[in-house]
2 protein chains.
Amino acid sequence: MKNNIPPATVQRLPLYLQCLEQVDINSVGISSKKIAEIAKVNDAQVRRDLSYLGTLGTRGVGYDILTLRKQLELELGLVDGLSAIIIGIGNLGSALAEYGGFKEKGFKIVGLFDSDSNKLNKQIGNLAVKPLSEIKDTCEKYNVAIGIIATPEKVAEEIADKLIDCGIKSILNFAPVMLKNKPGIQIRSVDLSQELQILSYYLDRQPLKVAK
Amino acid sequence: MKNNIPPATVQRLPLYLQCLEQVDINSVGISSKKIAEIAKVNDAQVRRDLSYLGTLGTRGVGYDILTLRKQLELELGLVDGLSAIIIGIGNLGSALAEYGGFKEKGFKIVGLFDSDSNKLNKQIGNLAVKPLSEIKDTCEKYNVAIGIIATPEKVAEEIADKLIDCGIKSILNFAPVMLKNKPGIQIRSVDLSQELQILSYYLDRQPLKVAK
DNA sequence: GAGTGTGAAAACATTCACAGCT
DNA sequence: AGCTGTGAATGTTTTCACACTC
């Protein structure tokens with residue numbers, strides 16, 4: 001929180017959190033070596049990364065799993081129960097809406113929006129799909145932090161602008177399009193086919209160097 | 001193809017391809033500066049990255065868009081029309097099955113599989129959902145290169161093993177679980193909630209350093 | 001003995017800045 | 001004049017290796 005954590009490390013923190021969640025339920029402590037093995041990184045890397053969060057381990061012993069989890073969650077800002085909305089309730093949007101992993105990690109999906117009137121009022125979980133015109137209300141009511149774009153690429157840009165207009169500062173974009181830079185706004189794009197393309201590059205090659 | 005391209009560059013190649021696809025349809029050439037602007041990277045970076053693919057640009061002029069696309073596709077191995085299958089036809093699996101971006105980028109989804117008998121024969125596009133027992137047949141018939149895992153996390157590991165057993169060498173994993181290392185197998189994991197977590201870290205902070 | 005935390009070294013990646021081509 | 005390709009400089013990340021603690 002206080003100090004600057006290198007971007008490469010920030011990228012790995014959620015990974016470590018995932019690792020901690022899948023270790024044997026009755027282990028109370030864990031070594032950097034063990035984390036490294038699960039996360040498939042070097043153990044010195046794990047120690048260096050975790051050292052940015054403070055002095056969390058005990059020499060000769062290792063890390064206390066619960067303490068470490070708490071600290072990772074704190075550092076990532078997961079403790080505040082951030083609210084998010086999803087725009088574009090097609091297949092992908094629906095999948096995201098029902099995806100349990102968000103809730104588990106402390107995110108709350110508080111709105112689903114689509115411009116297609118056929119989808120209006122479609123119920124997913126305890127939420128009904130609403131028209132885009134209601135985005136602003138929801139953002140104000142729930143103090144929405146993150147907008148998740150799952151629309152077709154043609155409208156992604158205008159949706160992004162709309163979200164920003166509603167005061168949203170962080171966008172997770174699943175539309176396969178490069179959004180324009182918006183000053184002061186954090187945008188992360190996940191392009192599913194780009195992931196396949198990277199895999200494709202490493203196909204049939206000697207894995208001298210393993211895909212990141 | 002011939003020479004070793006740095007991993008950081010490989011990661012960006014699909015991005016450049018995406019950029020080329022969204023420039024004005026009647027432009028025939030493009031400068032590194034323009035690509036850099038769309039991809040939000042430094043222009044020297046673009047030139048350096050592209051220089052790994054050979055001498056593709058013309059000094060004083062820029063890059064020919066068509067040539068560059070062809071070369072990127074060649075380098076990424078997208079020209080062979082790689083076949084992929086999807087295992088786990090829940091919301092996410094269905095979304096992936098209908099996702100147009102794969103086809104567009106030269107991937108062919110040739111099989112959908114689920115262990116839930118209620119889903120069997122469910123039709124998505126021109127494919128019907130099949131039981132896991134038919135994976136092997138499909139792999140042999142279509143020479144499947146990539147397996148996409150969209151199952152619940154509990155079974156992801158065993159599905160991965162099954163895929164490897166069927167001769168698959170590359171796996172794209174959407175289950176929120178760290179798969180064990182399998183020698184000689186390329187695994188990429190996309191964890192949707194990890195993406196949100198990274199965004200969360202950068203929330204409300206001064207964007208001195210922008211999230212990668 | 002086991003395992004962290006961290007200087008120092010090595011490896012890797014990005015950016016500058018400019019010669020060279022069109 | 002405009003833009004690439006690339007040495008050289010700079011910045012970042014990873015890894016080694018070991019002093020230190022339990």
Side-chain angles (χ1 to χ4, degrees), chain A residues 2-13 15-16 19-20 23 27-68 71-72 75 198 201 207-212, chain B residues 3-13 15-16 19-20 23 27-68 71-72 75 198 201-202 207-212:
Chain A
K2 46 255 133 180
N3 37 3
N4 257 35
I5 300 185
T9 294
V10 172
Q11 194 107 300
R12 278 187 298 267
L13 296 184
L15 195 71
Y16 297 148
C19 291
L20 295 182
V23 293
S27 336
V28 46
I30 192 168
S31 67
S32 59
K33 192 147 162 268
K34 182 77 179 148
I35 296 175
E37 184 196 322
I38 302 173
K40 298 182 209 99
V41 299
N42 180 288
D43 62 324
Q45 176 104 262
V46 174
R47 294 198 297 280
R48 169 91 50 197
D49 284 342
L50 296 181
S51 77
Y52 290 116
L53 314 190
T55 301
L56 294 169
T58 310
R59 290 177 188 225
V61 178
Y63 301 88
D64 176 70
I65 293 179
L66 203 62
T67 310
L68 193 46
Q71 192 58 33
L72 283 165
E75 199 67 43
I198 295 167
Y201 176 84
L208 296 164
K209 202 77 204 188
V210 144
K212 252 230 296 235
Chain B
N3 37 1
N4 258 38
I5 299 184
T9 294
V10 172
Q11 196 106 303
R12 279 186 299 267
L13 296 183
L15 196 71
Y16 297 148
C19 292
L20 296 181
V23 294
S27 336
V28 46
I30 192 169
S31 67
S32 59
K33 193 147 160 270
K34 182 79 180 143
I35 297 175
E37 184 197 322
I38 303 173
K40 295 179 212 102
V41 298
N42 180 288
D43 62 324
Q45 176 102 262
V46 174
R47 294 199 296 280
R48 169 94 47 199
D49 284 342
L50 295 181
S51 77
Y52 290 116
L53 314 190
T55 301
L56 294 169
T58 311
R59 289 175 189 226
V61 178
Y63 300 88
D64 177 69
I65 293 179
L66 204 61
T67 310
L68 192 46
Q71 192 58 33
L72 282 166
E75 198 67 43
I198 294 168
Y201 177 84
Y202 289 106
L208 297 164
K209 203 77 202 188
V210 144
K212 252 224 303 226

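Lettering follows sequence order; numbering is per chain, from 1.
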**Student:** Where is the tightest heavy-atom contact between A/I38 and A/V23, given as atom of each residue plus distance?
**Tutor:** CD1-CG1, 3.6 Å
**Student:** Given atom CG of B/L50 and atom P of D/dT6, what is their separation to the nearest angstrom?
**Tutor:** 12 Å
**Student:** If I take atom CG in residue B/D49 and atom P in nucleotide C/dT14, what distance separates them, rounded to the nearest angstrom?
**Tutor:** 7 Å
**Student:** Take B/I198 and B/Y202 through the side-chain contact (heavy atoms from CB on, under 4.5 Å) test and state the conclusion after the steps.
**Tutor:** CA-CA 7 Å; B/I198 294 168; B/Y202 289 106; 4.0 Å; yes
**Student:** Can you list the residues that meet the side chain to side chain donor-acceptor pair (under 3.5 Å) rule with A/T9, with sequence neighbours excluded?
**Tutor:** A/D49
**Student:** Check the distance between C/dT4's P and A/L68's CG and give it to me in whole angstrom.
**Tutor:** 11 Å
**Student:** What is the distance from CG of B/L53 to C1' of D/dG5, rounded to the nearest Å?
**Tutor:** 13 Å
**Student:** What verdict does the side-chain contact (heavy atoms from CB on, under 4.5 Å) test give for A/V41 and A/Y16, after you've listed the backbone C-alpha separation in whole Å, the side-chain angles of each residue and the deciding distance to 0.1 Å?
**Tutor:** CA-CA 10 Å; A/V41 299; A/Y16 297 148; 4.1 Å; yes
**Student:** For residues 35-48 of chain B, which residues have at least one heavy atom under 4.0 Å from DNA chain D?
**Tutor:** B/R47, B/R48
**Student:** First locate atom CG of A/L13, then atom OH of B/Y201, and finally report the distance between them rounded to the nearest 0.5 Å.
**Tutor:** 8.0 Å
**Student:** Closer than 4.0 Å, any side-chain N/O of A/Y52 to the OP1 or OP2 of C/dT6?
**Tutor:** no
**Student:** Whole angstrom is fine here: how far is it from CG in A/D64 over to P in C/dT4?
**Tutor:** 13 Å
**Student:** NZ of B/K33 versus P of D/dT4: gap in Å, rounded?
**Tutor:** 10 Å
**Student:** Would you please name every residue forming a side-chain contact (heavy atoms from CB on, under 4.5 Å) with A/S27, sequence neighbours left out?
**Tutor:** A/D24, A/I65
**Student:** Give me the bend of the helix from C/dG1-D/dC22 to C/dT22-D/dA1, using the axes of the five pairs at each end, rounded to 10°.
**Tutor:** 10°
**Student:** Measure CD/A/Q11 against P/D/dT13 and give the value in whole Å, please.
**Tutor:** 10 Å
**Student:** Round to a whole Å and report the spacing from NZ of A/K34 to P of C/dG3.
**Tutor:** 12 Å
**Student:** Please find the pair of heavy atoms, one from A/Y63 and one from A/L56, that lie closest to each other, and give the distance.
**Tutor:** CD2-C, 3.9 Å
**Student:** Scan nucleotides 20-22 of chain D against the protein and return all N/O pairs shorter than 3.5 Å with their distances rounded to 0.1 Å.
**Tutor:**
unit_1	atom_1	unit_2	atom_2	d
D/dC20	O2	A/R59	NH1	3.2
D/dT21	O2	A/R59	O	3.4
D/dC22	O4'	A/R59	O	3.1

**Student:** According to a strict under-4.0 Å criterion, is A/S32 in side-chain N/O contact with OP1 or OP2 of C/dG3?
**Tutor:** no
**Student:** Scan residues 29-45 of chain A for pairs that pass salt bridge (charged side-chain N to carboxylate O under 4.0 Å, His left out), counting only residues two or more places apart or in two chains.
**Tutor:** A/D43-A/R47
